[in-house]
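For reference, the structure discussed in these notes is given below.
From a predicted model like this one, the values you see are computed outputs, not experimental measurements.
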Number of protein chains: 2
Amino acid sequence: MDFYKGEPSILLAVDCIIFGFNGESLEILLIKRDLEPERNKWSLMGGFVKPEESPEGAATRVLKKLTGLENVYMDNCGIFGDPKRESHRRVVSITYFALIDTQQYQHIISDQYEAKWFPLDQHPDLIFDHKDMIAAAKRELRTKAALYPILFELLPDKFTIPQIASLYECVYNIQLDKRNFSRKLLASDLIIKLKEKDKENSKKGAFYYRLNTDIYKEKIMSFLRYLPSWSVENE
Amino acid sequence: MDFYKGEPSILLAVDCIIFGFNGESLEILLIKRDLEPERNKWSLMGGFVKPEESPEGAATRVLKKLTGLENVYMDNCGIFGDPKRESHRRVVSITYFALIDTQQYQHIISDQYEAKWFPLDQHPDLIFDHKDMIAAAKRELRTKAALYPILFELLPDKFTIPQIASLYECVYNIQLDKRNFSRKLLASDLIIKLKEKDKENSKKGAFYYRLNTDIYKEKIMSFLRYLPSWSVENE
DNA sequence: ATTATTAGTGTCAAATAAACATTTATATTT
DNA sequence: AAATATAAATGTTTATTTGACACTAATAAT
């Protein structure tokens, strides 16, 4: 039986907003587009959804193709479906943001792409509505990170409290009182102290911690409290 | 020029999870499906995205077709794209939840549909993955309503504090201390007291309020505080 | 006039958050 | 080897917010 006959079919794509944290600032991974139209212009990594995969599956595939990474935290952050968003053909794109630990991202597996990290707020001109996609992803990241401790996904398995604090400062563009932040974070039992210290970034050295994955899953939504409430209110 | 030649195109649909509040409980509006396959089974209202409209536009159109309502609050709440979600053909569906004031929804404009309100937790068996869609919409509604005062969209322009309190109780399945809730709500300046009282629901009568739309837009994210923080933590 | 019912205001103790101070560990310098 | 500089970590205090609970107010029904 041939249902839905005559219904219009559409090209469905995914685009990935790949966030990374270099210890100083947030960055996104962009590529030089490898197909027409707009070949060789800077763009988000993307691809079409194939018949045998879900949109999320497509995003996962596309991310792996570029970075070689699997099991990466990803989250839907928008649907871009204006009929005129690509002038040549009608394409609806579903966007996903990915949080990756840049230390795991050693080298691009695929030489097929010319890829480069850019500071989040200083990326080059991008094709189509990719700039809007990034803006939406940033907004979604902020909202989500206010409710869930997802920012840990941007750090290595072992991290220090100063590291996670400066990450929060980047994402929300605020100055945190490290003393209060650290106290609240520790009170949550979300992180477990290790014996080892990071001696790279200070004389005294800061203890490494790792996530308490049980608490991470349980208390996930109470994380809002690790931010001063006003920071959630602002744009 | 014919770009993207050979790329697989897909049927893209939208489905609407239409929430209403009857003063007692949350309800959703379902229809008896009017096309094959699965004709005459209970289903969410949906439709295919047409070439000249965005997915959001399609959801708006579909909602208007069923209810006659325009300018309804809608929000994306999921993407259902498992290749096997419909056994006959590959369809990706984008879901939107809509919040409507049931008092405006007097009669179904279109007699084309057999539509019925169901209590949110006692809906009939539904086609495909529509049950999952409702569950996702409910989750999304809770999260969003913890950050934004969107629940006012479910009430008439004039509402009472007891009404909005019982709405919150429904959505989060909690018991609120009405005294504390009312105090916090009033402190926000989000609502403006009217002269008139609602005498329907109590002997004393409760004053009507209306939204302060300026504050609604400004302080929108601080609304989290009108809920006890623990209620946000629970699933 | 009395009663029952729900609206709305008031009070207070406990918990939390924010501002600020001090101590600690260690590499570097003298 | 002692002094110094630097950032980490812990401590203290005050202000604010929350949550629990008591009370008063308005009015329809008895």
Side-chain angles (χ1 to χ4, degrees), chain A residues 23-24 146-147 155 158-169 172 174-210 219 221-234, chain B residues 23-24 146-147 155 158-169 172 174-210 219 221-234:
Chain A
E24 291 276 307
L147 290 167
L155 296 174
K158 290 188 322 192
F159 51 84
T160 67
I161 292 182
Q163 272 169 21
I164 182 83
S166 77
L167 175 52
Y168 270 87
E169 291 184 329
Y172 291 97
I174 53 173
Q175 282 292 109
L176 285 171
D177 183 312
K178 312 293 190 306
R179 300 163 292 189
N180 290 335
F181 180 83
S182 146
R183 183 154 31 81
K184 280 197 270 184
L185 185 52
L186 288 168
S188 74
D189 286 325
L190 193 66
I191 58 175
I192 295 167
K193 195 176 190 169
L194 305 178
K195 304 271 184 226
E196 200 185 346
K197 267 188 175 183
D198 162 39
K199 294 285 186 62
E200 300 286 301
N201 300 297
S202 74
K203 290 173 180 171
K204 181 175 176 180
F207 278 102
Y208 280 117
Y209 287 79
R210 65 175 178 82
K219 287 203 176 179
M221 291 191 82
S222 66
F223 195 75
L224 187 61
R225 301 197 189 140
Y226 307 138
L227 286 175
S229 44
W230 55 265
S231 70
V232 180
E233 294 176 33
N234 301 330
Chain B
E24 291 277 306
L147 289 167
L155 294 174
K158 289 187 323 192
F159 52 84
T160 67
I161 292 181
Q163 271 169 20
I164 183 82
S166 77
L167 175 51
Y168 270 86
E169 291 185 330
Y172 292 97
I174 53 173
Q175 282 293 108
L176 285 171
D177 183 312
K178 311 297 190 304
R179 300 163 292 190
N180 290 334
F181 179 83
S182 149
R183 182 156 34 82
K184 281 197 269 184
L185 185 52
L186 288 168
S188 74
D189 286 325
L190 194 66
I191 59 175
I192 296 167
K193 195 175 191 171
L194 304 178
K195 305 271 182 223
E196 200 185 347
K197 267 187 174 182
D198 161 39
K199 295 284 186 62
E200 299 287 301
N201 300 297
S202 75
K203 290 173 181 173
K204 180 174 176 180
F207 278 102
Y208 280 117
Y209 287 80
R210 66 175 177 81
K219 287 201 174 177
M221 291 190 81
S222 65
F223 194 75
L224 187 62
R225 301 195 189 142
Y226 307 140
L227 286 175
S229 43
W230 54 265
S231 71
V232 181
E233 294 175 34
N234 302 328

Over how many whole Å does the gap from A:Q163 atom CD to D:dA8 atom C1' extend? 13 Å
Side-chain contact check for A:S182: nearest option of D:dT10, C:dG8, C:dA19 is D:dT10
side-chain N/O A:K184 vs C:dA18 OP1/OP2, d < 4.0 Å: yes
Taking all atoms of both residues into account, what is the closest heavy-atom pair of A:I174 and A:Y168, and its distance? CG1-O, 4.3 Å
Could you give the OH-to-C1' distance, from B:Y208 to C:dG8, as a whole number of Å? 17 Å
Can you tell me how far C1' of C:dT6 sits from CG of B:D198, to the nearest Å? 12 Å
Give the rounded distance in Å between these two atoms: CG of A:L186 and P of D:dG11. 11 Å
Nearest to the side chain of B:K203, which nucleotide is it out of C:dG8, D:dA9, D:dA28? D:dA28
Would you kindly give the CD-to-P distance between B:E196 and C:dA7, to the nearest whole Å? 16 Å
Rounded to whole Å, the CZ-C1' distance (B:F207 to C:dT9) equals 13 Å
B:A206 side-chain proximity, nearest of D:dA8, C:dT9, C:dG8: C:dG8
Side chain of B:N180, heavy atoms from C-beta onward: which of D:dT27, C:dA18, D:dA20 has the nearest atom to it? D:dA20
Quick one: the side chain of B:K204 and the base of D:dA25, do they pair up donor-acceptor inside 3.5 Å? yes
Any Lys/Arg nitrogen of B:E169 or B:K178 sitting under 4.0 Å from an Asp/Glu carboxylate oxygen of the other? yes
Between A:K178 and D:dA7, is there a contact of a side-chain N or O with OP1 or OP2 at under 4.0 Å? no
Residues B:F207 and B:K197: closest non-hydrogen pair is CE1-CE, 3.4 Å
Could you state the CZ-P distance from B:F181 to C:dA7, rounded to the nearest angstrom? 13 Å
Say you draw a straight line from CZ of A:F181 to CD1 of A:I161; how long is it, rounded to the nearest 0.5 Å? 8.0 Å
A:R183 side chain: which of C:dA18, D:dA20, D:dA9 is closest? C:dA18
Go through the N and O atoms of the side chain of A:N201 and the base of D:dA7, and report whether any donor-acceptor pair is under 3.5 Å. no
Candidates C:dA7, C:dA19, D:dA7 - which lies nearest the side chain of A:S202: D:dA7
Is any side-chain N or O of B:R179 under 3.5 Å from a base N or O of D:dA22, one able to act as donor and the other as acceptor? yes
Within this structure, what is the CG-to-C1' distance between A:L185 and C:dA17, rounded to whole angstrom? 15 Å
Heavy-atom closest contact (A:S166 atom, A:G23 atom, distance): OG-O, 3.8 Å
A:D177 has its side chain closest, among D:dA20, D:dT10, C:dC20, to C:dC20
